[in-house]
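Report on one structure; see the data block that follows.
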Amino acid sequence: WSCHVASRGVRQVPLQLQLGFGGRVVGMHQSSANPNAHLRFANPCASQMHHRDVCGYGRDPPNARWPGGASVALTFAVNIEEGSEPSIPDGDGASSAALCEGGSDAPSRIRDLAAEGMFGYGARCGVWRVLRTLQRFDVTPTIFACALALERSPELASAIRESRSDVCCHGWRWEDHIAMDEATERERIAKAVASLRSTLGAPPSGWYCRSAPSVNTRRLLVEHGGFSYDSDAYDDDLPYWTLVPTADAKGDDAWHLVVPYTLANNDSKFAPGRAFSTADDFFVFLRDALDALIQEAHDTGRPKMMSVGLHPRLIGHPARIAGLSRFLAYVKDLGDTVWTCRRIDIAEHWRREHPPPGTLAMSPLRSTAHRRLLVTGGAGFVLSHVVAHWLDTDPTATAVVFDQSRAWDTHVATMLGVHVSDGRLAFFDGDVASQRSWDELGRRHGTEFTHVVAGAALTPTPEEEQRLAAKIVEVNYRGVLLCIEWARTTCSTLVRFVHISSDAVLGVPGLVTDGPPAGDVGVHSGAPPHPTDWMPAGQATLPGMSVYAVAKVAGEATVRRWRELYGMDAVSVRFSDVYGALDRDTGTRNRHNGPFWLCRKALQLAKLGAGSEAAPRIVVAGTSLDEVGWDIVDAPSVARGVVCILRHAARPKLGLYHLGLGRTPSHREVLAAVLPPSVAAEAATRFVSLPDSDAGSDGSSTPAAVTGAVDMASLADNHWLRRHGFDVEPTREEFGWEATPLKDALQQYVAHLQHSSE
């Protein structure tokens with residue numbers, strides 16, 4: 001390929017773009033606010049993988065600008081392969097003895113228990129010794145995990161899940177990809193990711209094949225999506241961007257990040273006949289490599305990265321672990337000269353400081369015109385829609401999701417993975433109630449956020465309310481307090497702060513009344529409170545509130561007070577019941593909402609017919625089909641509303657806004673919206689109303705006559721949302737926001753449910 005770069009936008013003479021593994025851009029230095037704006041390519045032929053790039057960055061590599069001015073970014077990779085290697089029990093032709101104490105002497109098709117035992121040592125003993133050693137020196141490694149190996153080592157998977165380690169997928173099994181056909185490799189990648197997601201609660205952030213990839217691997221990774229980087233390269237001391245052809249109908253190529261690995265600084269040299277014999281061999285080799293890179297950074301002003309590869313069945317033996325301990329002690333003495341980090345940290349840093357050509361750096365922001373959003377709880381049901389809408393509606397906007405890794409499941413990856421791939425979205429795994437996590441967030445992602453949404457929440461069941469009361473307060477209130485203070489004191493570019501509250505606070509006795517007591521001002525009879533009202537006079541105590549509601553009210557009060565004390569541009573937002581795509585089952589949450597149940601049962605009625613014995617009955621305690629139900633709103637409408645508030649040019653007039661339908665439709669109206677008229681009429685025959693006394697408040701009790709029916713008693717309590725809709729007029733008037741009409745929103749939702757069930 002030939003690369004032609006206009007003189008404007010790039011501080012570099014014209015260059016030749018030579019393609020290696022999937023294509024690679026080298027020799028560029030970005031100096032304008034719109035780097036590489038005029039980059040164009042001719043004669044694309046990346047699918048012909050015969051091109052090699054032997055030039056790299058050349059004599060003048062970029063300045064990595066590692067955090068704290070470090071001379072070297074040092075990362076440790078622990079390879080978890082044991083239990084997934086080729087073996088007779090798994091149907092292979094022989095038992096592997098690769099990277100062990102000796103080769104296998106077993107005849108073909110004969111099980112080699114010695115080889116299996118050498119692998120077994122790594123899984124049973126070595127890995128724990130390695131992890132303890134790293135932990136002793138406060139080093140968090142990247143885990144190169146074969147998916148099957150973790151399936152077979154649940155205790156190890158649990159330890160990884162509880163740690164801060166990031167996971168780079170090392171394949172479904174420890175098997176060669178180099179000669180795999182494309183269909184098989186595509187299936188292996190998907191299977192490995194699905195397995196790790198199930199085992200660890202989150203997908204892997206990167207990919208690394210056993211030794212060598214195939215000519216298709218990188219393209220298949222990009223097409224699969226969700227990978228922040230791959231490490232299938234041994235050709236550089238710095239990350240780099242590569243152009244990868246995709247199967248996109250437009251024929252477009254995608255930028256993909258490569259974080260090279262090494263077989264030099266690697267304990268594989270302890271294998272028989274290789275370079276290392278003693279622990280001191282290992283220590284001296286690593287020490288000399290690190291010293292050379294530090295000196296090089298001092299001489300040239302160009303810091304580099306250094307990878308160290310570890311295998312529990314090798315370095316995990318007592319005589320060898322001593323070499324790792326000596327090296328870690330040596331690194332510790334060097335202090336800030338070395339940035340000890342994970343591979344995902346390097347990848348995210350590179351995206352910010354050295355984005356692909358034609359995109360804008362995420363940090364530092366050159367002006368607040370480039371909007372950068374931080375969202376706590378951004379992998380949750382509602383806020384994932386907010387993040388997607390923020391990025392989809394502004395091609396220059398970027399975002400960081402602050403959540404726990406287990407929240408990043410297949411549903412979120414499907415919705416947001418494309419933005420991870422294009423470098424506009426990063427994920428930070430941390431605890432919002434921990435100051436240490438907030439400090440770490442600043443180190444990794446900087447503090448140049450223009451907008452911050454505090455949305456992390458722990459929504460408890462009644463049982464969890466008793467068992468986890470302190471944790472509920474920590475997440476729902478302390479998390480908000482730390483977030484707003486961090487934003488106020490560290491984000492010099494902050495434009496607006498939004499706190500996500502809950503309609504749970506509106507069930508508080510005294511907070512909403514049918515008629516204002518004497519002396520109360522602004523509490524409207526027969527309607528929800530106006531957003532300017534927070535608590536009626538004389539109701540300082542909050543009898544009957546759940547711990548969750550206490551925390552949410554405290555969050556709203558903090559936002560209100562911070563506006564007064566510091567003049568912060570900060571608001572709280574309450575939602576009515578939200579439904580929509582991604583309302584996946586997370587215990588009793590999300591899928592407890594009315595639209596989910598009614599729409600799902602409506603689909604069954606439409607399919608089976610109301611006269612069928614198998615047709616479900618819908619039970620609502622204390623109400624009839626024609627009575628009002630509850631204020632509901634679809635997730636896309638909520639996302640539009642939050643983003644409208646975030647991007648509104650003027651400072652919001654109020655400190656509290658509502659997002660909802662603004663009224664309470666009847667159950668009949670909901671059914672009529674999602675069913676053909678004839679079916680809706682039949683559905684009415686399956687609707688059963690019970691007195692409140694016949695059903696428990698949690699919907700757990702049903703009379704024998706309707707056993708097996710769907711009990712929606714929990715939706716028929718005396719909550720004000722059954723009698724009134726949210727007061728959304730201030731939101732409409734100030735921000736021009738409107739919820740999607742009920743019928744349109746419900747029909748879209750039913751289509752989503754139908755597709756999901758298929």
Side-chain angles (χ1 to χ4, degrees), residues 375 380-390 392-393 415 453 455 498-506 512 524 527-532 571-583 590-599 602 627-648 652-675 715 719-753:
V375 185
F381 163 39
V382 177
L383 290 180
S384 55
H385 285 268
V386 172
V387 173
H389 191 72
W390 171 268
D392 290 342
T393 54
M415 175 174 279
V453 173
V498 172
H499 164 236
I500 303 301
S501 186
S502 168
D503 63 355
V505 304
L506 297 178
V512 180
H524 309 292
H530 193 273
T532 53
V571 299
S572 292
V573 179
R574 296 172 184 162
F575 310 147
S576 62
D577 277 8
V578 185
Y579 62 95
L582 241 69
D583 57 353
N590 299 338
R591 285 194 170 180
H592 69 285
N593 67 64
F596 171 80
W597 289 111
L598 275 183
C599 291
E627 285 188 272
V628 296
W630 54 94
D631 193 327
I632 57 179
V633 65
D634 60 300
S637 288
V638 170
R640 283 190 287 105
V642 172
V643 172
C644 277
I645 294 171
L646 284 169
R647 289 182 176 157
H648 190 60
K653 299 174 183 178
L654 307 176
L656 175 64
Y657 294 90
H658 292 156
L659 296 175
L661 192 62
R663 64 185 184 87
T664 52
S666 68
H667 306 304
R668 186 185 297 276
E669 184 179 355
V670 173
L671 289 175
V674 299
L675 290 171
L715 298 173
H719 192 277
W720 72 275
L721 284 179
R722 285 199 61 231
R723 303 191 303 278
H724 316 295
F726 260 161
D727 182 8
V728 297
E729 283 307 312
T731 314
R732 288 171 174 165
E733 292 173 4
E734 188 170 349
F735 305 108
W737 171 83
E738 289 282 351
T740 302
L742 178 67
K743 185 172 183 178
D744 294 342
L746 283 173
Q747 287 180 347
Q748 291 170 14
Y749 183 51
V750 166
H752 157 71
L753 289 177

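Computed from a predicted model, the values in this text were never measured in an experiment. Both backbone and side-chain heavy atoms feed into the values below; hydrogens, waters and symmetry mates do not. Position 1 is the first residue of the sequence, and the numbers go up from there.
Summarising the geometry of Phe381 relative to Val578, their closest heavy-atom pair is CE2-O, 3.5 Å, with the distance given to 0.1 Å. Across every non-hydrogen atom of Arg663 and Leu742, the tightest pair is NH2-CD2, 4.0 Å. Residues His385 and Ala639 approach most closely at O-CB, 3.5 Å, considering heavy atoms. Residues Leu661 and Arg732 come closest through the heavy atom pair O-NH2, 3.5 Å. Contact detail for Gly660 and Ala739: the closest heavy-atom pair is O-CB, 3.9 Å. Minimum interatomic distance between Val633 and Ser576 (heavy atoms only, all atoms of both residues): CG1-OG, 3.5 Å.
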- Task: With side-chain contact (heavy atoms from CB on, under 4.5 Å) as the test, would you mind laying out the steps for Trp737 and Val728 before giving the verdict?
- Result: CA-CA 9 Å; Trp737 171 83; Val728 297; 4.2 Å; yes
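Side-chain atoms of Arg640 and Thr393 include no donor-acceptor pair closer than 3.5 Å.
Applying the salt bridge (Lys or Arg N to Asp or Glu O under 4.0 Å) criterion to Glu734, with sequence neighbours excluded, gives no partner residue.
Counting heavy atoms from C-beta on, the side chains of Leu654 and Val571 never come closer than 4.5 Å. Taking the side chain as every heavy atom from C-beta outward, Trp390 and Val642 never approach each other to under 4.5 Å.
For the side-chain contact (heavy atoms from CB on, under 4.5 Å) criterion with Val643, the lone passing option out of Val386, Val638, Val498 is Val386.
Atoms OH and OG, on Tyr657 and Ser572 in that order, are 11.0 Å from each other to the nearest 0.5 Å. In this structure, the separation between OG1 on Thr731 and NE2 on His658 is 8.0 Å, given to the nearest 0.5 Å.
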